[in-house]
2 protein chains.
Amino acid sequence: MNTPTLSLTIGTVAKRAGVPIDTIRFYEREGLLPEPLRRASGYRSYNETAIKQLRFIRRAKELGFTLEEIRDLLALSSDRRGGVKAIRKRAEQRLAGIEARIAELMRIRTGLQQLIEVCPGHGDPEHCPILRALADEEPQA
Amino acid sequence: MNTPTLSLTIGTVAKRAGVPIDTIRFYEREGLLPEPLRRASGYRSYNETAIKQLRFIRRAKELGFTLEEIRDLLALSSDRRGGVKAIRKRAEQRLAGIEARIAELMRIRTGLQQLIEVCPGHGDPEHCPILRALADEEPQA
DNA sequence: CTTGACCCTGAACCTTGATAAAGGGTCTAG
DNA sequence: CTAGACCCTTTATCAAGGTTCAGGGTCAAG
């Protein structure tokens, strides 16, 4: 194993994890990072683990997890029994959410494409199919 | 044509347009709806046009336009020369934005799918590929 | 006339994920 | 010892798109 590397300052951790200092304190307040040890002066005192945790958070964010979900994942990751099952379930839920959002956006895309296709791009706004589509009344009941 | 139907109250308009009352006042403040006439009492006095305008806003929102963009569309829709061209351009920009978002979400989806695929769903969190993928260090420099 | 539903304004508050400022203490190189 | 870099807390601010509240006034039915 490697040297324990004690007492990194928040600035060092920030640089090494690629995260602004303020964001680290923010994550701590929000319960995503454990409260670190403190020096006598009050300075936060980190070790390498903190950097790994920050990278975990960064990757999870890249995968579309909210901070709330990440807090949940972090809690589960220390649950030795059942943790894995629950984690996989969270990932599946996240996947389902993302797929739903993709489907929704594709529906929107189709709508926009159709409007653009039939719009001549000139003439009177009264005949613009984009505006007409937006303004038209609901089909009469 | 139909009867002019003057003096709808805000509550009636809200119901008919399917929008909360507060949202109507909010849109008015934000310049998405024109200021309506007022009764002697100060009550807002709407006509059918307001309902159409609210539906316009609702549809545009469904197509992914922001309120800012909608304000812009509404301004363009009364520009008789060049309006249509500009409107089509806005729609194309919106389409490009939507397509970029879809591409991004599809990338995220692939990442999640791969993690879920190799996760057994049981066992020790230390061997969970989802957690490992999130926690692993960057490749050493 | 009273009651209850409805409307008015202005201001504060909500969510998410930070970011910044104010005012002050600490640490380290020279 | 001092300058400058760094750290501390608390509080405020931002974007977006509203929602809710407090403290009133109005309208219509009975």
Near DNA chain C, which residues from residues 91-108 of chain B have a heavy atom under 4.0 Å away?
-> none

So, with a heavy-atom separation below 4.0 Å from DNA chain C, the residues of residues 30-44 of chain A are A:S41, A:Y43

Return the angle between end axes of the helix from C:dC1-D:dG30 to C:dG30-D:dC1, with five pairs used per end and rounding to 10°.
-> 20°

Separation of C:dT16 C1' from A:I57 CD1 (nearest whole Å) | 15 Å

Under a 4.5 Å side-chain heavy-atom rule over Ile, Leu, Val, Met, Phe, Trp and Tyr, are A:L37 and A:L32 clustered together?
-> no

Determine, for B:E35 against B:R44, whether the closest basic-nitrogen to carboxylate-oxygen distance falls under 4.0 angstrom.
-> no

So do the side chains of B:P34 and B:E28 get within less than 4.5 Å of each other, counting heavy atoms only?
-> no

Is the distance from OP1 or OP2 of C:dA18 to the nearest side-chain N or O of A:T23 less than 4.0 Å?
-> no

Is there a path from B:L105 to A:M106 through hydrophobic residues (I, L, V, M, F, W, Y) whose side chains come within less than 4.5 Å of each other?
-> yes

Please examine the side chains of B:I51 and B:Y46, heavy atoms only from C-beta on, and report whether any two atoms are closer than 4.5 Å.
-> no

Return no unless some side-chain N or O of B:Y27 is found under 4.0 Å from OP1 or OP2 of D:dG17.
-> no

Of all heavy-atom pairs linking B:L8 and B:E48, the shortest is CD1-N, 4.1 Å

Nearest whole angstrom, please: distance from the C1' of D:dG17 to the CG of B:L54.
-> 15 Å

Quickly work out the A:I24 CD1 to D:dC7 P distance and round it to whole Å.
-> 9 Å

Any side-chain heavy atom of A:F26 sitting closer than 4.5 Å to one from A:I21?
-> no

Within less than 4.0 Å of OP1 or OP2 of C:dT16, is there a side-chain N or O belonging to A:K61?
-> no

Please give, in whole Å, the distance from C:dC6 P to B:I21 CD1?
-> 8 Å

A:E68 atom CD is separated from C:dT16 atom C1', nearest whole Å, by 11 Å

Taking NZ from A:K15 and C1' from D:dC7, how many angstroms apart are they, rounded to a whole number?
-> 13 Å

Mind calculating the distance between CG (A:D22) and P (D:dC7) to the nearest angstrom?
-> 11 Å

Are the side chains of A:R109 and A:E104 in touch, meaning some heavy atoms are under 4.5 Å apart?
-> no

A:F56 versus A:L74: any side-chain heavy-atom pair under 4.5 Å?
-> yes

Could you go step by step and tell me if A:E62 and A:R59 meet the salt bridge (charged side-chain N to carboxylate O under 4.0 Å, His left out) rule?
-> CA-CA 5 Å; A:E62 282 165 7; A:R59 290 210 177 78; 5.6 Å; no

Quickly work out the B:L8 CG to C:dC7 C1' distance and round it to whole Å.
-> 15 Å

Looking at side-chain heavy atoms only, is the closest gap between B:Y27 and B:L54 below 4.5 Å?
-> yes

C:dT9 phosphate, OP1 or OP2: any side-chain N/O from B:R25 under 4.0 angstrom?
-> no

Result of checking B:R94, B:K89, B:R88 against B:E92 for salt bridge (Lys or Arg N to Asp or Glu O under 4.0 Å) = B:R88

Hey, which of these two, A:T66 or B:G11, hits DNA chain C nearer its 5' end, going by closest nucleotide?
-> B:G11

